[in-house]
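Letters A, B, ... mirror the listed sequences (proteins, then strands); counts begin at 1.
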Amino acid sequence: MFSMPGHVLHSPGQGGEAVRQRRFANILGGAVVVAASAATMAVSASAAPSVAFRIAQGAVLDNGEPQRADVVAIAWPNQEFLEGLRDGDAVPMYVIGRSTTDASGRFAISSRPVAVPRQFRGEGGRVDVELAIAYDDREIRYGYTATPASDRWATASVAGRPAEVRVDFGRATAFEAGNDPAGWVDANGRPAGSPGRPALWSTRVAPLSEDVQQLLSIPLPTLRAQRLSSSVAPANSARVDGEVLRAIPCFTYAAQKHYGRPESFLRALGWAGAKATVYQNDGNDHTLGIGFRSSGGEWGASGTKTISLAASAERGGVVDAWAWNKINYRDYINSCAHTVQRRPYSVHSLLVKWTRAYHPVFKACARYTGGTYTKYRGTNTTYSSGTDIGPISVSAQSGWDRDTEIKWTVTRATRLCGSQRAGWVTSREAEAHRG
Amino acid sequence: MRHKSLGLAVALASIAGLAAFSAAWGAEAPDASRNALAMPGDSAPWGISLPSTKARAPYTIGGIPVCLRSGQAAVIDDVKATGAQDEIQVTNFVVRPLSDELFGAEQVRLSDAGVVGGHRVDAACSREPGGAELVVEMQKARPGNARIAGLNVTYSTAGRKGSLQVPLHLVLCQAADQETPDCEALPR
């Protein structure tokens, strides 16, 4: 197993790295040369000591049965870096680590927060992680954003807990255990998924691409150097009949932007005697779905990316309405797999659209006759089709912080109710009605 | 020999004193790192602003969910306002089982509010109904707008003391006050 400063590579399966080396030994004809200088440069920023925490963990199944599989965790560049890329520019990636599942299908990859190069760390040290999971000549991709806490890597979508990714090739599902699509809702607040599977789409299971084969077979230092380089220059060579053959490393390049894709931010549910005001300010995180188009042209979703809003907006006098933001997305194309990822890119505009919302009546209620009642933050509901990215709609979840509020101004007797038994204070969603 | 005995006695007394101190500290000091009492779900802040409130008049506010993260039961010993404590004081409190009818916010004494309960919490966060309802009576000392940044709930469980910070931002407003956001007068 390769070991890099700042990284602990977990391989629950015995000799996972060796197994991968054997399995893919001939794919590139062994024609791999280490680009040592690039690797050294990339890793030098990661020498600061700290503790490694699990940045990727989970289980790989096939119709519910644990399987031996290979997993690679990759970090995408941060927002600032991505915004500097022109169409056609290669996107450098930082290979965090690899793992092979154990007999129970479990995998784990750890990293020290400071070990990830600076260009791959965003606000608060967050890292956009992509998992490439290979099993039985097939692959699944899944993305999420990990944020370093004092004792863990946490994800926004599961209220500060580490990502626990469940992948099932037979059922074509991939999701985070704490954010099961079974709990997602549609625009009317009704269930929009079953365990592991959203109602509208399934995870794309693709044939094993050359890209993933390279990710699994190339020695880690070489792989890191290749993927960190924005250049597409070949990194290895061999000779056949006097001709130099080069295995060109796979890479991802930035492509078309899609501006102003609508995202349903939240449902503001009130009535004439308790109208709502919605605030959305700097620092508000939104966890938005990533679209994935297979080489065959079929669209699905492959996880999420959390972006932070750098703008503010407010709207008062709302009764029953969906508040919409507009988000910019961008396509990223893999040179080998010919797949497209449509990923959240930046915020276009906030609270720019309001549409009428169905008003469910929740049961756990407190009665008020006057005053204002403000809910500051909390993990919002995941809307199965919260963001329309064009060919499909993917999930959207806003994690509120102190600068994001919904406030009801009570002018007549009102019942303020929560979607959960503990009432509006700690429920994911709240509504106000006459009472 | 005499000096040795004296030294031994002093050492034993010191050890005994240290042990007694440690025992007392263990029994009395709040242990936030092993908090048995919690709020269900995300302990996100929330705000309540009541208009046209009077000084030295009781206001009862409910709907504050608490639950047990560990242990069999906890007894709430005290509830205090945090932030500007001299502005608003907690004068009474009670815990009752969660129900669909939570207490809102009224200008009424807790003992007259029809809320029946005690100080014991035995509802686990992880099991239905997921917690209990804390209802608190407060009053402000002087006229004007008064605020708190939260409540500090101290409790006992299994011989230990603990504390829970409840992120309730409360404003007891004097009247309509254009300079103080969230302090509106009741409509006529």
Taking CD in B:Gln72 as the centre, count heavy atoms belonging to other residues, nucleotides or ligands within less than 6.0 Å. Is the count above 12? no

side-chain hydrogen bond (donor to acceptor under 3.5 Å, both in side chains) between B:Ser156 and B:Asp77, intermediate numbers included: CA-CA 7 Å; B:Ser156 306; B:Asp77 301 318; 2.5 Å; yes

Applying side-chain contact (heavy atoms from CB on, under 4.5 Å) between B:Tyr155 and each of B:Leu68, B:Val66, B:Asn35, report the one that passes. B:Asn35

If you count heavy-atom pairs under 4.5 Å with chain B, which of A:Cys365, A:Ala366, A:Ala422, A:Ala364 comes out on top? A:Cys365

Ignoring hydrogens and angles, state whether a donor on the side chain of B:Thr154 or B:Ser163 is under 3.5 Å from an acceptor on the partner side chain. no

Chain A: which of B:Ser99, B:Gly47, B:Gly104 shares the most heavy-atom pairs with it under 4.5 Å? B:Gly47

Students often mix this up, so state it plainly: with edges at 30° and 60°, are the rings of B:His119 and B:Phe93 parallel, tilted or perpendicular? parallel

From A:Arg106, A:Arg54, A:Arg152, residue fulfilling salt bridge (charged side-chain N to carboxylate O under 4.0 Å, His left out) relative to A:Glu164: A:Arg106

If you measure from the Lys or Arg side-chain nitrogens to the Asp or Glu carboxylate oxygens, is any gap between A:Arg421 and B:Glu133 under 4.0 Å? no

What residues of residues 105-117 of chain B make heavy-atom contacts with chain A at a cutoff under 4.5 angstrom? B:Ala105

